[in-house]
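In what follows, every chain begins at residue 1, and chains take the letters A, B, ... in the order their sequences are listed. Reckoned from all heavy atoms, side chains included, excluding hydrogens, waters and symmetry mates.
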Amino acid sequence: MAEAVTKKAPSNKATVTLTIDGRSVTVDKGTTVLEAARSLGIHVPTFCWHPKLKSVGSCRMCYVEIEKMPKLQVSCATEAMDGMVVATDSDLVKQGRRAVIEFILMNHPLDCPTCDQGGECQLQDLTFAHAIDDSRFAFQKERFVEDGSVSTFDDVQIGPEIMLNRNRCIQCYKCVRANKEAFGEFDLGAFERGNITEINAAPGRQVDNPFSGNLAEICPVGALTGMDWRYKIRVWLTKTVSSICPFTASGVNTLMYMDETKNRIYRTTSRRNDEIDDGWLSNVSRYAYQVVHADDRLLTPFIRRDGKQVEATWDEALDLIAKRLSDIQDQKGCVCIGGLVSPRLDNATLYGFNKLMRHVIGTNNVDYRTEYRMLPQTPEDHYQAACSQPIRISDVDDSDVIVVFGSDMLKEHPNLYLRIRKAFNFGAARIFILNPYSTKASDVAELEMVYHAGMDEVALGAVCLTAVEKGIVSSDETDRLREAIAFDSASAAALACGLEPDHLELMARAMAEARKVTFLAGEIISRSREREPIAAAICNLNRLFSINTKGQFGILPGHSNSRGAHHLGLAPDPPASIKAKLRSLWGQYPDTETNTTDSMMVQMRKEEIDGLIIMGANPVMLYPDRAFARESLEKLDFLVVSDLFETETTELADVVLPLSSWAEYTGDYVNLEGRVQTASKAIHPIGDSRPGYAIVEAIADRLENTLYTAEDYRRDEIDTMLEVDTACPVPNLYVPSKGGQDEDDAEYPIALMIGDDPHHRGHYTEKSASLTSHVGEAYLELSPDLAAGHEIKEGDSVRIESPVGKVVLPARISEHIRNDIVFVPRNFPSAPVTSLLMRKRRIDRVRISKVVR
Amino acid sequence: MSFYSPVRTNASEVAESDRLHLLKYAEDPNQCSIDTYVQRGGYGAWRKALTSMKPEEVITAIKDSGLRGRGGAGFPTGMKWGFVPKDSPKPRYLICNADESEPGTCKDRVIMERDPHAMIEGMAIAAYAIGSHLMFVYIRGEFAHCADQVEKAMNEAYAQGQLGKNIHGSGYDLDMIVHTGGGAYICGEETALLNSLEGLRGMSRIRPPFPAVAGLYGCPTIVNNVESLASVPHIINRGADWYRSLGTEKSAGSKLFSLSGHIKQPGNYEVELGFSLKTLIYDPKYGGGILDDKKLKGVIPGGASTPLLTPDMIEVGLDYESLPEKGSMLGSGAVIVFHEETCIVWVIQRLIHFFRHESCGKCTPCHEGTAWLEKLINRVESGKGEEGDIEKIDDICSNILGRTVCPLGDAAVMPIQSAIELYRDEWEHHIRHGKCLVKSQFGLK
């Protein structure tokens, strides 16, 4: 394991000591009285306070009495000082709090029996705690009445998943503040003033930002409730289970609310972990649970008979798999079998899959990267080095320079995106973004530098050359660096990638002067054919600016257990340390040729691989060359696919096995930091589905080679593997970083970028109704100028053509994208956008035209 | 001049006085033109400060003068300026608070209407003292004519090189922005003003940090009242000792008082601090007595948010120390006079309506409490009050007083509590008899 993430080192901050309710406590200077009290386990009640937002002191519930201060003080906004003597439970404090509750209850409807917040309402709880049974307020309560509202409760739906009841609002403004301070969103606001202040959607807007689900969660009362949870079940009838979001590489901590009798999950909330998520969930993490209960889940195995897939029992399916795999092994050898597995699956499944393929079957045809093009058979040393660097999410907070390179953070790592916003809003970070297209984080960036698509390594080279030429950093290997970059001067490199010399200098100076730098690269790099030279450029940048000695850098893994897959040896040719450990565990390790997803497909076409097992992956949909992937798989003699749903890939399968989701068994996942986290079993497997680890173990059993002779061995072997140090060394010299370029094609002038929509991630999420209610279909994002040039208006159908395919999508015009590039989300099976891609291209190019009806 | 509102002043008295100064040219429309202003010595203090004084010397002069904030809180101006951190690398801002909205107060308006250059000159000196190169004036939205007047004066100042780049060859740059509010009382509170200026909702901020450390856009910011700033050039010109010789020992200088209500000669009068309230009301030079020679019933001495005074309490000096001894405050200097035929419950109903309407919606006790108080006071005023309502009103006031972020909550309840204490019989009469105790022109008969 890279490192067991340790607790934060004790801070060197100055401390203060104060007395709270007669107990002495020492806290860091700058801590509030409220937090000091909570550190003693003294619960001071609050409504408007939130640990991750700035204190505003508006609800006035957290009163305390402090000696030498005549008035009651709000503890959330009072800094703890040396020698303070605080009472949190004096008669005056109690009187003050009772008065606040009395004020709040004045206009608050007592509709608790029909309020979804009932049972988890802070106002209900605190009224109860203060035993307030009567009101001196003898007037009609103020009431917001919505014109044309059919509901007697004056509810207004303000977003796809958010219901607003203004009468219940207690004006804590937590929703508006979180939206602005934490998410940088402005689709919700406060209108009017005084006691008729109302929270509502911004005029003409819906509250549909990618973090909007948090607003209902943090509302202390039932003013904002989630549509998915509304009127379904009372909170006290549910049981909570700790889980992990399987759609984020950060491994966001979640809590699932389930009803045992119905074997059903009703909602997901945050399970705050300050080192990972700060208690914020992206909507993907929040509504992903609906995937589990989608009504088209695969419930039984299927076997292809006479060209048709028909229902079968597990025994029939497993027998068939064992027989066909044995046949291939006997007739053509074990190298003719391959396996592809999804890096979203848990450690036990991934490790079991690896052991099945390499140990039981004896092949090195194993890969977990089914979405990356042109993976070479030779190890990519610089890419591996950049991918295996230690990264700590919480270290983003106090970085003073943050560089985002080749990553659309909001879409790839929503929680890191929030961390970056936090470092800007709450810290002192200067943020620089280098991307081939403009991204949502630009509003907190000091500079967003948009380079020409396909010029990733040149952009970094230009930064390095600028730093050297301007004397910002000194290096005695300048010649080597120039040679590595393959440009003679900063100005030539800047011109080639389309960046301003002034901007490059500003960024170089910031990085050189910084005390702590975080440099994060993402999927735009990993998905590039030229990921190795780009990674070399990252290593060179690191070397020149000594980033890893004063901060952190790395290419972030794409999926919730990519890091686990790497550690458990799922790469075709894993690092030597992993191979050695596997050999010692298994007593042998195959010495056959290693094949990546890409080279396996080449071999399938040559009929050198005949049998393939796919688990949880959907290469036909997501491999960046749809026709190539499909044609390759069609050549197979025998294809086993295990998945939650019928997919483009299961269609081709000879045996389809129903896979259980992450919520149906307990599994461990390794997040992008290398932290191992557990998602507990929330419900029993749906239908006849089985967890991945159980499926691979059953196949091994049928092949008469049991994976583990005792139950404990599974965990022991995985633990042993996770202890292996897999960090690849960063090169200690400047390494060549020139990437190849495509030939120009004047017929297809526009670069096409494919990625995730902020409300979706990969496949599966389109099965969540709450996510599709935000974004339910693919679209073409293009600039206003490009649209105008083709007479395209918002919503018009646009034909997108590449040399290999054609897709028609509605236009979405965005100010944030350049004229020579378009973006399409890859998440929707109805829009097979990978059919536009060619695996050998560095940048896919297309032409667009309006569809005239 | 169409900009003029027909407010009576004691300009002629001030012109003859060697001590009073703020309203000296208040009756001369030419004073608004920079040529006249400069002819009369205007911008001399600015040139003096800029070319012959260090910023610290300016701050010391203001500290020594004893000038205290004229917006209502009375905080020593020079001390406030001294709070700006010397070593902060951030830009500093000076803001002139011209959001004059306290009911009864119209003194800043008269300065902006009739002597806008005095305010601009004071702002410039203050900006120089704190090292600010950009200053704002935040003018109450309803004062559109003041904004026009100030903007015109600002343009003249730029044209003459009093503002802009390298002023008077000193190398010092100073720019000014005129901003008008959107009509919220709360934006006169300095932190709400900062939010409003930043384009945020007008709501007060928690202090600390104080604006002098982290104000506009998180940068060191000084917010001063129009009248405070208009006093600054006179102090620089004539020295701290001279200013200190005006007024009382702890309340130095002169101040404008806006006299309104049941008074024969309402208007803006400049007097030295410590001046007798009784004289201000009755002297023919000032108020000239109660309207229709009726008997005085009470006075709100410092704007709508200060506790009331009864006739036996008006022999009091108008300064920062004497009024608190009588249980009230100097406030913004708005003296509102009621004669005997005024129903105090009706007065309070008007006030609570204002404060309920202006509560920003931040603090629970204020936004809910003022709404509840308004309902209860409406009920008492209309003669439908119940036994116990007075105690309930008083208790609700206690639950608001001192329990909110900004002073709006306090401002709303202090006059109510004093009105109950001083005129309890009228409240009780409303409740017990459903009628008003006095022959009131307005409200319940």
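- Only the side chain of Y63(A) comes within contact range of chain B, with heavy atoms under 4.5 Å apart.
- Looking at Q171(A), its side chain does come within 3.5 Å of a backbone N or O of G361(B) through a donor-acceptor pair.
- Listed in order of number, the residues of residues 387-396 of chain B that approach chain A to under 4.5 Å between heavy atoms are K392(B), D395(B), I396(B).
- Between T364(B) and F103(A), the closest heavy-atom pair is CG2-CB, 3.8 Å.
- Counting only distance, with no hydrogens or angles, the side chain of S58(A) and the backbone of C363(B) share no donor-acceptor pair below 3.5 Å.
- Using a 4.5 Å cut-off between heavy atoms, L376(B) touches chain A through backbone and side chain atoms alike.
- Residues forming a side-chain hydrogen bond (donor to acceptor under 3.5 Å, both in side chains) with T105(B) (at least two apart in sequence, or on another chain): S332(B).
- Residue K54(A) does not touch chain B at all, counting heavy-atom pairs closer than 4.5 Å.
- Side-chain N or O atoms of R193(A) include one that pairs as donor or acceptor with a backbone N or O of H357(B) at under 3.5 Å.
- In this structure, K180(A) and L200(B) approach most closely via the heavy-atom pair NZ-CD2, 3.7 Å.
- Residue contact with chain A, scored on non-hydrogen atoms closer than 4.5 Å, involves the backbone and the side chain of E358(B) alike.
- Heavy atoms closer than 4.5 Å to chain B are found nowhere in Q73(A), neither backbone nor side chain.
- Both the backbone and the side chain of F137(A) come within contact range of chain B, each with at least one heavy atom under 4.5 Å from a heavy atom of that chain.
- The contact between Q140(A) and chain B is made entirely by backbone atoms, counting heavy-atom distances below 4.5 Å.
- For T404(B), the part sitting under 4.5 Å from any heavy atom of chain A is the backbone (N, CA, C, O) and nothing else.
- Side-chain atoms of K375(B) do not come within 3.5 Å of backbone N or O of A138(A) as any donor-acceptor pair.
- Shown here for R403(B) and A99(A), the closest heavy-atom pair between the two residues is NH1-CB, 4.3 Å.
- Heavy-atom minimum distance, R356(B) versus N195(A): CD-OD1, 4.1 Å.
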